[in-house]
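The structure appears right after this line, and notes come after that.
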There are 2 protein chains.
Amino acid sequence: MTQPDMPTPPWERTRRRAAPSRVPLTRGRIVDAAFVVLDREGFDRLSMRRVAAELGVAVSALYAHVDNKDELFELMYERLFDGFDLPEPDPERWQEQVKGFARESRARLLAHRDMARISMGQMPFGPELLPYVEKMLALLRVGGLPDHVAAIAGDLLSTYVDGFVAEEGAWKERSQGEGVRSWDEMRDEIKEYFASLPPDRFPNMVAIADLMVDESNDYRFELGLDIIVRGLASYVEPRPGES
Amino acid sequence: MTQPDMPTPPWERTRRRAAPSRVPLTRGRIVDAAFVVLDREGFDRLSMRRVAAELGVAVSALYAHVDNKDELFELMYERLFDGFDLPEPDPERWQEQVKGFARESRARLLAHRDMARISMGQMPFGPELLPYVEKMLALLRVGGLPDHVAAIAGDLLSTYVDGFVAEEGAWKERSQGEGVRSWDEMRDEIKEYFASLPPDRFPNMVAIADLMVDESNDYRFELGLDIIVRGLASYVEPRPGES
DNA sequence: GGGGTTTGAGAACAGTGTTCATCTGAGTGG
DNA sequence: CCACTCAGATGAACACTGTTCTCAAACCCC
């Protein structure tokens, strides 16, 4: 609900005392700590015990506020959305608006290490998130997409964003995991590997080895996004009563 | 390498003896057992210990043939591809061929419970799989896609297929997990939930609640696939020397 | 048949998510 | 000012996990 360094909202504070000597545990503080652990240790090392340690608290204390690890993930997923304002749908600019949504989503996922892995397992059907689904739907329908297309377009987009960022993250982790070599060094190795394949058996891979690897993630994300949006646009029906 | 109920190929059999009293452990048999466990227990309960138990063998025995659980996943991923023949690229039918590839992928993923979850974490860069990447690339370039689009299209498609099937599977598991209710019953509940939202705040969700839920997975898969392929097609350049 | 290598067994280590009975300490009622 | 309550934190425990280690048995080649 609250961003890491925003003040905790009133309803999260204990009811009667403003500042009890020992700050009480809240869902908000647990999620904050979870993000600290996630960013420092990565998804695979994000455990309830480490979150508890981050708060200087026993593991079992967490379970008074959070049903289980999955629910913690849900809360982290919801945190991803706060302050995420979708623009007022504009029929003339729906494509740009859809892209803006995807770009903002990617930026937020990239803000926390391995966040995409958490996001992939979640579906935006919690009450807190329905408004976003609603607004996305509005955006697509206003753009002139037929209902059955609008109904799946949101899914398609978020699957794309999650998948892309997750893969992006996997490469990053892998490059800094084994050996000391940087992302750029590793990229060169991969390019060499592709380029070194026998050209008679892999003519196409050899031919475009550069393109598969050289382009920045930003560029590749943008291109994939454009492909999807173009596909969506191909379904747009002329609005009733338009020239 | 081999499908579950196909005979083990010669190079997987022990070199000299045809049938030693105790059938020796091989990577192939381990992968077979892993699939049995996966289908019976699901991804979350697929553990090295259970695979070993399935084979009537100690856990540690597995580690003589497989470096770690991740490598086991890799082998399962590779198994997914065998006998997967991409057709000879035909410039006139590349869109149908691309779709065929996606459909076949989905069918193979659906053949094993939670298989998409395993597939998502993998990248088809093992030597065994490069021929498939190569052929996919050939297909796309023959279709007239610019190289920088072809270079990412494969990724885009497999991300879509993996993501779709994983989500599909998640719903299935969830519906049979809590309570006894079937997938159809649960679908009705969801539809009701969407339809029961306050129409003033969620006009679009209420309006297309049916469409978001009613359509079959096959239909939704096909539609998403068509959106992507149309997007790709919008990048096709006229081939040099064509009318 | 003996030597050497391969291969499985069993126990152990360090960690996981989750639950439980127990204790503590802050806030209230008398 | 004291006794009491009770939410909320605790520490230990359970049933697992992936992985590694040492050790013994089975196999192959000579």
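Proteins come first, then strands; the chains are lettered A, B, ... in the order of their sequence lines, and each starts at number 1.
Separating the CD1 atom of A/I30 from the P atom of D/dG8 is a distance of 12 Å, rounded to the nearest angstrom. Atom CZ in A/R29 sits about 14 Å away from atom P in D/dG8, given to the nearest Å. In this structure, A/D67 atom CG and C/dT19 atom C1' are separated by 13 Å, rounded to whole Å. In this structure, NZ of A/K69 is placed 15 Å from P of C/dG15, rounded to the nearest angstrom. When the P atom of C/dT22 is taken as reference, atom OH of A/Y63 falls 22 Å away, rounded to whole Å. Per the geometry, CE belonging to A/M48 stands 6 Å off P belonging to C/dT18, to the nearest Å. D/dT19 atom P lies 10 Å from atom CZ of B/F73, rounded to whole Å. Following rounding to the nearest Å, A/L72 (CG) and C/dG17 (P) show an atom-to-atom distance of 10 Å.
Looking at A/R187, A/K191, A/R220 one by one, the single match for salt bridge (charged side-chain N to carboxylate O under 4.0 Å, His left out) with A/D214 turns out to be A/K191.
A cation-pi arrangement is not found for A/R106 relative to A/F164, the charged atom failing to lie both closer than 6.0 Å to the ring centre and inside a 45° cone about the ring normal.
For A/R49 and C/dG15, a side-chain-to-base donor-acceptor distance below 3.5 Å is absent, hydrogens and geometry of angles not being considered. One cannot find a donor-acceptor pair under 3.5 Å joining the base of D/dA9 and the side-chain atoms of A/S60. Looking at B/S47, its side chain has no donor and acceptor atom pair within 3.5 Å of the base of D/dG18.
In this model, the phosphate group of C/dT16 is not approached by any side-chain N or O of A/R45 to a distance below 4.0 Å at OP1 or OP2.
Using a cutoff of 4.0 Å between basic side-chain nitrogens and carboxylate oxygens, A/R27 and A/E71 are scored as salt-bridged.
With DNA chain D read from its 5' end, the first of the two nearest nucleotides for B/L46 and A/G56 is the one closest to A/G56.
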Stepwise side-chain contact (heavy atoms from CB on, under 4.5 Å) test for A/R40 and A/R113: CA-CA 8 Å; A/R40 180 171 11 98; A/R113 159 134 93 129; 5.9 Å; no

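At a threshold of 4.0 angstrom between heavy atoms, the contacts of A/V59 include nucleobase atoms, whether or not backbone atoms are also involved.
Between B/F84 and B/F101, the ring center distance clears the sub-6.0 Å criterion.
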